[in-house]
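As the structure lists them, so they are numbered: ligands from 1, and atoms in each ligand from 1. In this chain, residues are counted from 1 in sequence order.
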Amino acid sequence: MIRSRLLKSVRLHLTLWYTAAMVVVLALYASAVFAFVQSSVSSGLDARLRAEFQWPAEMLDKLPDGTIAPYDETDNSTSPWLQVYSPEGKLLYQTMLARLTPVPQGEELAARADGKIVSIPDTTPPVRVLSGLARIGDQPVVIQVARSEAPMWQELTDLLLVLLLGLPLGVIAAGLGGFVLARRALAPVDRMAEHARLITAERLKDRLPVDNPDDELGRLATVFNETLTRLESSFERMRRFTLDASHELRTPLTAIRTVGEVGLRGRRDEIAYREIIGSMLEEADRLSQLVDRLLMLSRADSPQSNLSADNVDLCGLVRDVAAQLGVLAEEKQQSITLELAGNPRWTGDELVLRQAVLNLLDNAIKYTPAGGHIKVSLAETSAGVNVEVSDNGPGIPTELHSLIFDRFFRADEARTSGSGTGLGLSIAKWAVEVNGGQLTLEDSHGVGSTFRINLPQESLAAPAVASFR
Ligand SMILES: Nc1ncnc2c1ncn2[C@@H]1O[C@H](COP(=O)(O)OP(=O)(O)OP(=O)(O)O)[C@@H](O)[C@H]1O
Ligand SMILES: [Mg+2]
């Protein structure tokens, strides 16, 4: 298991790549070094031969009997082979070394005497020979100098040996170094993985350690932590929503159950039973209203591709909503005034926007006491179209402004009245924002409340993404 993990690890792959690269680089470097040393040693030998070619003309003398002899014959192991021929090919002089070990192809090369250096590699030892014309005294001669290539090849073989031994050692050292480096560089990844494994739905508060936020791994950890933060808040919202939803669903269910149980205790007349059934139906209504809202919320969480792009007549929409809820206002002897300026058209999802206006007007009617005044105005401004719903009801305390759009939030009076689910404004906000607009509660300075929907011109054709709070 550990072995197969190691085989698949980035660390091993990095090390292998690094080692392979090192092998190529070191092999190229060793070849270049060898070629350079070979060429410089070889040309050194050539230069030496050429220098030694000059030497006999100064060190040899022509004796009166026509023979050639050195002033002082001191032959040693470092001396080259030296032979002097007459232009006709007669051997006039040779050093002791040349006498003992004849120069391979000596006569042939002397006959050519072209001043070129010839390498004869297949002899033992391999030799390098230079034969050329010269003069000793007044006599034209062919001088032939030669040297063994053995020391040169010995030197090159030693170098090759060092390189061949050094290469694998260098590769092993580089591989080990690469492995250690890769392990050190990737150690934070292991730590992050260990840490991430411990982060569960219950421990979403945990974050990955960030050693250096500016390097690649630090940035990865930061992005991961940001994702965790988003995940945590969405989990938190979901948890809160589930709790609130189950709580809200339980209230009408308990009411139905209690009313039913009380109704079954003892005998009652028809009117009493009707009353009991009536109040049970009321609670059932409330329950179905709540379920409708929850369905709406689930729609909000689904992708926004469900939205349509209708060409909406905003004045028509406001009139329709006012007419639809007018009955409720009449029941409470409230007046609804419409102030519609111009005839703006807007592109977006009409049904969703209608839901927003409907919820705002419904609230205005519900929370404004009997005989109150409600105004719905529509105006085009430089920032787009504004739809405002205002009333002269009790208003909403400033400290609640930040909470009013939260799911299931209801101000206390509303809660005690028992009506509503606390989802209306939350749905309205989503409906407006998903259409690219904004829903705000204006500061009404203690007189009633004013909700404003702003639909900016540029967003009218391009709905934006919005989510529930
Ligand atoms: N026009 C208003 N005047 C005074 N208070 C308001 C007004 N509109 C909303 N509120 C307050 O905001 C709270 C939240 O409103 P929201 O519409 O979200 O829920 P709801 O009306 O209680 O229930 P629902 O609309 O889901 O049936 C209300 O309970 C009420 O206290
Ligand atoms: Mg409402």
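- Of the N or O atoms in Tyr367, one or more lie within a sub-3.5 Å distance of an N or O in ligand 1.
- The salt bridge (Lys or Arg N to Asp or Glu O under 4.0 Å) contacts involving residues 376-393 comprise Glu388-Arg452, where partners must be two or more places apart or lie in separate chains.
- No hydrogens or angles considered: nothing links the side chains of Thr368 and Gln334 as a donor-acceptor pair under 3.5 Å.
- Residue contacts with ligand 1: Ile404 is placed with no nitrogen or oxygen under 3.5 Å of a nitrogen or oxygen of the ligand (distance criterion only).
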Report all side-chain donor-acceptor pairs from residues 256-266 shorter than 3.5 Å, counting only partners two or more places apart or in another chain.
{"unit_1": "Arg257", "atom_1": "NE", "unit_2": "Glu261", "atom_2": "OE2", "d": "3.2"}
{"unit_1": "Thr258", "atom_1": "OG1", "unit_2": "Thr254", "atom_2": "O", "d": "2.5"}

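- Inclusion of Phe451 in the set of residues having an N or O under 3.5 Å from an N or O of ligand 1 is not warranted.
- Of all atoms in ligand 1, listed by their number and element, those nearer than 4.0 Å to a heavy atom of Ile396 are 4 (C), 5 (N), 6 (C), 7 (C), 10 (N).
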Quiz: residues 355-362 side-chain donor-acceptor pairs under 3.5 angstrom, not counting sequence neighbours:
{"unit_1": "Asn359", "atom_1": "OD1", "unit_2": "Arg293", "atom_2": "NH2", "d": "3.2"}
{"unit_1": "Asn359", "atom_1": "ND2", "unit_2": "Gln355", "atom_2": "O", "d": "3.4"}
{"unit_1": "Asn359", "atom_1": "ND2", "unit_2": "Gly424", "atom_2": "O", "d": "3.1"}

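- Taking a cut-off of under 4.0 Å to the non-hydrogen atoms of Phe409, the atoms of ligand 1 that pass are 13 (C), 14 (C).
- Between Pro394 and ligand 1, not a single N/O pair is under 3.5 Å apart.
- The Mg ion (ligand 2) has Asn363 OD1 as its protein N, O or S neighbours under 2.8 Å.
- Proximity of Phe405 to ligand 1, defined as any heavy-atom pair under 4.0 Å, is not found for any part of the residue.
- The atoms of ligand 1 that sit less than 4.0 Å from any heavy atom of Ser449 are 1 (N), 2 (C), 3 (N), 4 (C).
- By the criterion of a heavy-atom distance under 4.0 Å, the side chain of Asp391, and not its backbone, is placed next to ligand 1.
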